2 protein chains.
Amino acid sequence: MTAELGDFREVLHARKLKATRARRLVFQEIVSSSDIHPNASEIHQRLTGRGERVSLASVYRTLGLLVKSGLVSQVDLGEDHSHYESEGAKAGHGHLICLSCGAVKEFSDAHIHRLIGRIGDGRGFELDRFSIQAFGYCERCRTKRSR
Amino acid sequence: MTAELGDFREVLHARKLKATRARRLVFQEIVSSSDIHPNASEIHQRLTGRGERVSLASVYRTLGLLVKSGLVSQVDLGEDHSHYESEGAKAGHGHLICLSCGAVKEFSDAHIHRLIGRIGDGRGFELDRFSIQAFGYCERCRTKRSR
DNA sequence: TTTAATGCAAACATTTTGCACCCTG
DNA sequence: CAGGGTGCAAAATGTTTGCATTAAA
């Protein structure tokens with residue numbers, strides 16, 4: 001399940017924050033491009049490219065707010081800037097990142113989730129959330145390489 | 001097993017790179033502070049603070065080179081800059097990061113390693129390495145909070 | 001109407017780079 | 001002693017912030 005516009009309004013209202021045009025646009029852009037894991041600049045370009053007038057500063061401010069609200073999460077894909085994805089109901093999940101073409105595929109595994117929780121327990125650590133980056137080569141690039 | 005100065009020389013030699021003073025210092029600093037996961041600026045401060053004259057630019061250049069050589073790995077601990085740790089023999093491991101005090105504890109688990117490998121297999125993905133960031137609250141901060 | 005949010009541009013922090021000089025191999 | 005490596009300072013990135021203006025509620 002992915003976060004929806006309804007959740008968005010609810011959360012903002014609960015925090016007494018305004019549901020402005022810019023915020024809605026940024027949020028929807030992230031939700032609707034969940035497969036893309038866009039970064040701040042990409043989000044901005046997609047919006048302005050589509051004719052929407054939103055400043056990059058607002059994109060950043062909104063991203064910070066959405067992350068803090070738990071609607072969106074910030075991911076490190078090994079580049080020099082952050083990427084964003086809608087949080088949905090997944091408390092933790094991983095990314096398969098291709099070292100050759102940069103493609104990112106998500107995965108989610110209850111077993112791993114449980115294991116990490118248990119490892120934390122054993123060390124007195126209370127797990128809130130986690131993120132996994134698995135670097136390697138995607139199917140397409142592998143077949144290309146071996147030919 | 002942690003990477004040693006011997007590996008360092010070997011790798012540099014294999015790549016026809018010079019084992020300069022600056023490079024040795026940066027490498028040793030990372031190896032000897034494996035528990036600290038220093039960032040570029042911290043490495044630089046530790047060296048200059050100890051009287052060694054190395055520029056921050058060289059620290060960055062060396063870090064890039066060590067990462068590319070596989071002697072050191074770059075970790076994202078949720079801050080706005082990278083941290084570094086010696087790669088050693090661990091092909092993949094995780095970090096328990098305290099959201100309250102920022103302390104980082106490493107863990108390594110063969111079971112998780114196998115699981116991630118298997119998840120990759122199922123998707124035609126050839127795993128090279130992975131990194132896990134688990135955010136939550138460390139023992140110390142938890143007891144502090146509950147008091 | 002009131003107050004928070006926006007846009008702009010300037011400020012910041014981190015990392016990269018050009019170039020003259022230096023040191024390793 | 002040749003060529004890569006270094007330091008320095010300037011530039012490039014990515015992100016944040018102050019302030020006057022605009023728009024939600």
Side-chain angles (χ1 to χ4, degrees), chain A residues 5 8-30 37-48 51-69 71-84, chain B residues 5 8-30 37-49 51-69 71-84 102:
Chain A
L5 205 55
F8 171 76
R9 291 184 188 290
E10 227 175 86
V11 170
L12 289 194
H13 190 252
R15 301 196 152 215
K16 299 184 198 293
L17 297 172
K18 295 179 182 171
T20 64
R21 173 170 194 75
R23 288 178 177 168
R24 237 177 298 125
L25 287 169
V26 171
F27 178 67
Q28 293 193 300
E29 194 55 43
I30 295 173
H37 302 273
N39 60 36
S41 157
E42 283 164 353
I43 293 169
H44 182 241
Q45 280 172 34
R46 281 158 164 272
L47 292 176
T48 53
E52 301 290 354
R53 269 192 285 88
V54 184
S55 72
L56 183 55
S58 285
V59 171
Y60 273 110
R61 280 189 275 232
T62 301
L63 288 171
L65 171 168
L66 293 175
V67 168
K68 213 179 293 178
S69 307
L71 288 166
V72 156
S73 62
Q74 197 168 5
V75 214
D76 169 50
L77 299 179
E79 297 183 16
D80 50 0
H81 48 243
S82 292
H83 290 248
Y84 299 85
Chain B
L5 205 54
F8 171 78
R9 291 183 189 289
E10 229 175 83
V11 170
L12 289 193
H13 189 253
R15 303 197 151 212
K16 299 185 200 293
L17 297 172
K18 294 179 181 170
T20 63
R21 172 169 194 74
R23 289 177 177 169
R24 238 176 298 125
L25 286 170
V26 171
F27 177 67
Q28 293 193 299
E29 193 56 43
I30 295 173
H37 303 272
N39 60 36
S41 156
E42 284 164 353
I43 293 168
H44 182 243
Q45 281 173 33
R46 280 157 165 273
L47 293 176
T48 53
E52 301 291 355
R53 268 191 288 87
V54 184
S55 72
L56 184 55
S58 284
V59 171
Y60 273 110
R61 281 190 274 232
T62 301
L63 288 172
L65 170 168
L66 293 175
V67 168
K68 211 180 293 179
S69 307
L71 288 166
V72 156
S73 61
Q74 197 168 4
V75 214
D76 169 49
L77 299 180
E79 298 181 16
D80 50 0
H81 49 243
S82 291
H83 291 247
Y84 299 84

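Quick note on labels: first sequence line is chain A, next is B, and so on, each numbered from 1. What you are looking at is a predicted structure, and each value in this text was computed from that prediction instead of being measured.
- Formation of a donor-acceptor pair under 3.5 Å by the B:H83 side chain with backbone atoms of B:V75 is not found in this model.
- If you check every strand for non-hydrogen atoms under 4.0 Å, B:N39 touches nothing.
- When heavy atoms are screened at a 4.0 angstrom cut-off, A:S82 is found touching the sugar-phosphate backbone but no base atom.
- Closest non-hydrogen pair, B:Y84 versus B:A40, comes out as CE1-N, 4.2 Å.
- Residues that satisfy the salt bridge (Lys or Arg N to Asp or Glu O under 4.0 Å) test with B:E42, not counting sequence neighbours, are absent from this structure.
- Comment: B:E52 engages B:R21 in a salt bridge, judged by a side-chain N to carboxylate O separation of less than 4.0 angstrom.
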Walk me through whether B:N39 and B:I43 qualify under side-chain contact (heavy atoms from CB on, under 4.5 Å).
CA-CA 6 Å; B:N39 60 36; B:I43 293 168; over 6 Å; no
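- With DNA chain C read from its 5' end, the first of the two nearest nucleotides for B:L17 and B:H81 is the one closest to B:H81.
- Between the side chain of B:R23 and the backbone N or O of B:K18, at least one donor-acceptor pair lies under 3.5 Å.
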Show me the side-chain donor-acceptor pairs of residues 53-66 of chain A shorter than 3.5 Å, one per line, residues at least two apart or across chains.
{"unit_1": "A:S55", "atom_1": "OG", "unit_2": "A:S58", "atom_2": "N", "d": "3.1"}
{"unit_1": "A:S55", "atom_1": "OG", "unit_2": "A:S58", "atom_2": "OG", "d": "3.4"}
{"unit_1": "A:T62", "atom_1": "OG1", "unit_2": "A:S58", "atom_2": "O", "d": "2.8"}

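- In terms of heavy atoms, B:Q74 sits closest to B:S82 at NE2-OG, 3.0 Å.
- DNA chain D lies under 4.0 Å from no heavy atom of any residue of residues 72-79 of chain B.
- Around the NE2 atom of A:H13, the shell of radius 6.0 Å holds no more than 12 heavy atoms that belong to other residues, nucleotides or ligands.
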When you compare the protein's N or O atoms with those of nucleotides 16-23 of chain D, which come within less than 3.5 Å of each other, and at what distance?
{"unit_1": "D:dG18", "atom_1": "O6", "unit_2": "A:R61", "atom_2": "NH1", "d": "3.4"}

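- For the helix from C:dT1-D:dA25 to C:dG25-D:dC1, the angle separating the two terminal helix axes comes to 40°, with each axis derived from five pairs and the value rounded to 10°.
- Counting 5' to 3', DNA chain C first comes under 4.0 angstrom of a heavy atom of chain B and last does so at the ends given by C:dT14 to C:dG25.
- Of the two residues near DNA chain D, A:R21 and B:S58, the one whose nearest nucleotide lies more 5' is B:S58.
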